[in-house]
Protein chains: 2
Amino acid sequence: MRVSTRGEYGVRAMFDLALNFGKGPIALKTIAERQMVSESYLEQLMAELRKAGLVHSKRGAQGGYELADRPVNVSIGEIIRVLEGPITPVDCLDTDTERGPYCGTPERCVLRNFWRELQDSMTQVLDNTTLEDLRQDAYRLEVAE
Amino acid sequence: MRVSTRGEYGVRAMFDLALNFGKGPIALKTIAERQMVSESYLEQLMAELRKAGLVHSKRGAQGGYELADRPVNVSIGEIIRVLEGPITPVDCLDTDTERGPYCGTPERCVLRNFWRELQDSMTQVLDNTTLEDLRQDAYRLEVAE
DNA sequence: TCATTTCCCACTAAATAGGTAGGAATTGAA
DNA sequence: TTCAATTCCTACCTATTTAGTGGGAAATGA
C-alpha cells in the first residue's frame with residue numbers, strides 16, 4: 001500500500017517546478033539538490049514525465065525543465081500514473097491491461113466491489129488535488145510565519 | 001499503489017472463513033482450493049494471521065482454521081496490516097517505525113499533509129469495512145439470483 | 001494405529017526498487 | 001568559435017521483495 005520512491009520523488013520534483021512556475025527552465029541539478037534526491041535517478045523520472053507531456057525541457061546551457069501546463073491543470077494522480085502505472089489496489093480492477101476484469105466465482109465479485117471502493121477513495125484524493133493546491137498550501141505556510 | 005498477493009490472498013481466506021463462520025474449523029486445503037491459492041503459500045499467511053490473533057487453529061484430523069472473533073469485529077484494515085504492514089503511502093507518515101516523522105524543509109510538510117490525506121481516505125475504507133459487511137454483500141448477491 | 005492436518009524451517013527463481021556510469025547531442029554566453 | 005552547462009540515451013548493477021516450493025516433525029480424531 002505504498003507509493004515507491006519513483007512516485008514520491010516525481011511528485012517532489014513537480015511540486016518544485018510548480019513553486020518556480022514562470023521563472024523559465026529549472027536545471028535538474030537544482031531540483032535534485034533542493035529535493036535531496038539522486039540526480040541521475042531523478043533524470044530518468046523526468047524523462048518519463050517529459051515523454052508523457054507533463055514537463056517541457058530545454059537542453060544546453062541555461063536549460064532545464066518546466067511544467068508543460070499551469071499548476072492548476074496538473075493533478076497528483078497524473079504524475080503518479082506516469083511513474084507508477086494505473087492506480088489499482090488489485091489486478092482484477094485493471095481493465096486497461098490484460099489482467100482481466102472478471103475473477104471466477106460470484107462471491108469473489110463481493111471482494112472486487114470492495115477493492116473498487118478503495119480505489120475510488122484513493123483516486124478521489126489523487127485526482128482532485130492539483131499542484132496549484134499544494135502551491136497555495138506552501139504559500140499559506142510561508143505567510144503564517 | 002497495490003496490495004500484494006499476501007494481502008489479497010489473506011483477505012480472500014478470511015472472507016472464506018467468514019462465510020463459514022460457526023461451522024467449526026475449516027482445513028487449509030479447503031480454503032486454498034476454494035480460493036484458488038497455493039496451499040503452502042497460504043499456510044505461511046495463515047501462520048501470521050494466527051500469531052496476530054485473528055484466527056484460531058486446530059491441529060490433527062478434522063482440524064483447520066476459524067475466525068478468532070465474529071466477522072463484525074474484524075476489519076479488512078486489520079488483515080492488511082498484519083500481512084502488509086502499516087498502511088502508509090510514504091515513509092514520513094510512519095511514526096511507529098524508525099522512518100522518522102519530520103522531513104527537513106517546511107515546504108516538504110505540504111507534501112506530508114497531502115500524503116496524510118491520501119492515507120486517511122484509504123484507512124477510512126479499510127477500517128470501516130468488516131468481514132460481516134462482505135458476508136452480507138455475498139448473501140444479498142445470493143438472494144438476488 | 002494411522003490418515004489427516006497444522007506447524008516450522010530452509011531454500012529459491014524472478015521481478016522490482018533504487019540506483020550508477022559514461023558519453024553523445026545541444027545550446028547560451030564569452 | 002569555443003566551451004561549459006545541460007539534457008538525452010543506453011547499459012549496467014546490487015539488494016530486497018515477491019511469490020512461491022519442499023520436507024519433515026508434532027498433534028489429534030476416528
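Chain A is the first sequence line, chain B the second, and so forth, proteins listed ahead of strands; every chain is numbered from 1. Keep in mind the model is a prediction, meaning the values are calculated, not measured.
Atom CG of Leu49(A) is separated from atom CG of Leu83(A) by 4.5 Å, given to the nearest 0.5 angstrom. Distance CG/Asp69(B) to NE2/His56(B): 8.5 Å, rounded to 0.5 Å. Remark: Arg81(A) CZ to Met1(B) CE distance equals 11.5 Å, nearest 0.5 Å. Rounding to the nearest 0.5 Å gives a distance of 5.5 Å between OG1 of Thr129(A) and CD of Glu117(B).
Rounded to an integer number of Å, the gap from Leu83(A) CG to dG18(C) P is 12 Å. Rounded to whole Å, atom P of dG18(C) lies 10 Å from atom CG of Leu45(A). Straight-line distance from the CD atom of Gln44(A) to the C1' atom of dT20(C): 9 Å, rounded to whole Å. Separating the CD atom of Glu66(B) from the C1' atom of dT5(C) is a distance of 14 Å, rounded to the nearest angstrom.
Residues Gln124(B) and Ser121(A) bring no donor and acceptor atom of their side chains to less than 3.5 Å of each other. Side-chain contact of Thr88(B) with Gln119(B): a donor-acceptor pair under 3.5 Å is absent, judged by distance alone. Side-chain atoms of Tyr9(B) and Ser38(B) form no donor-acceptor pair, as typed in the model, at a separation below 3.5 Å.
No N or O donor and acceptor, one from the side chain of Glu39(A) and one from the base of dT20(C), sit under 3.5 Å apart.
Sorted by first then second residue, the salt bridge (charged side-chain N to carboxylate O under 4.0 Å, His left out) pairs that include residues 48-58 of chain A, not counting sequence neighbours, are Arg6(A)-Glu48(A). Among residue pairs with one or both ends in residues 58-93 of chain A, none qualify as ring-ring contact (aromatic ring centres under 6.0 Å, His included); sequence neighbours excluded.
Between Gly63(A) and Tyr9(B), the residue whose closest nucleotide on DNA chain D is further toward the 5' end is Gly63(A).
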Show me, pair by pair, the donor-acceptor contacts under 3.5 angstrom made by side chains of residues 15-26 of chain B, not counting sequence neighbours?
{"residue": "Asp16(B)", "atom": "OD1", "partner": "Asn20(B)", "partner atom": "ND2", "Å": "3.3"}
{"residue": "Asp16(B)", "atom": "OD1", "partner": "Arg34(B)", "partner atom": "NE", "Å": "3.4"}
{"residue": "Asp16(B)", "atom": "OD1", "partner": "Arg34(B)", "partner atom": "NH2", "Å": "2.8"}
{"residue": "Asp16(B)", "atom": "OD2", "partner": "Arg34(B)", "partner atom": "NE", "Å": "2.8"}
{"residue": "Asp16(B)", "atom": "OD2", "partner": "Gln35(B)", "partner atom": "NE2", "Å": "2.9"}
{"residue": "Asn20(B)", "atom": "OD1", "partner": "Lys23(B)", "partner atom": "NZ", "Å": "3.1"}
{"residue": "Asn20(B)", "atom": "ND2", "partner": "Asp16(B)", "partner atom": "O", "Å": "2.8"}

Output a table of nitrogen or oxygen pairs between the protein and nucleotides 15-17 of chain C separated by less than 3.5 Å.
none

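The outermost nucleotides of DNA chain D lying under 4.0 Å from heavy atoms of chain A, listed 5' to 3', are dA5(D) to dC9(D).
Using a 4.5 Å cut-off on side-chain heavy atoms (C-beta onward), Thr130(B) and Asn73(B) make no contact.
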Checklist entry - Reading nucleotides 22-30 of chain C 5' to 3', which nucleotides get B (base under 4.0 Å from a protein heavy atom), which S (sugar-phosphate only), which -? => result ---BBBSS-
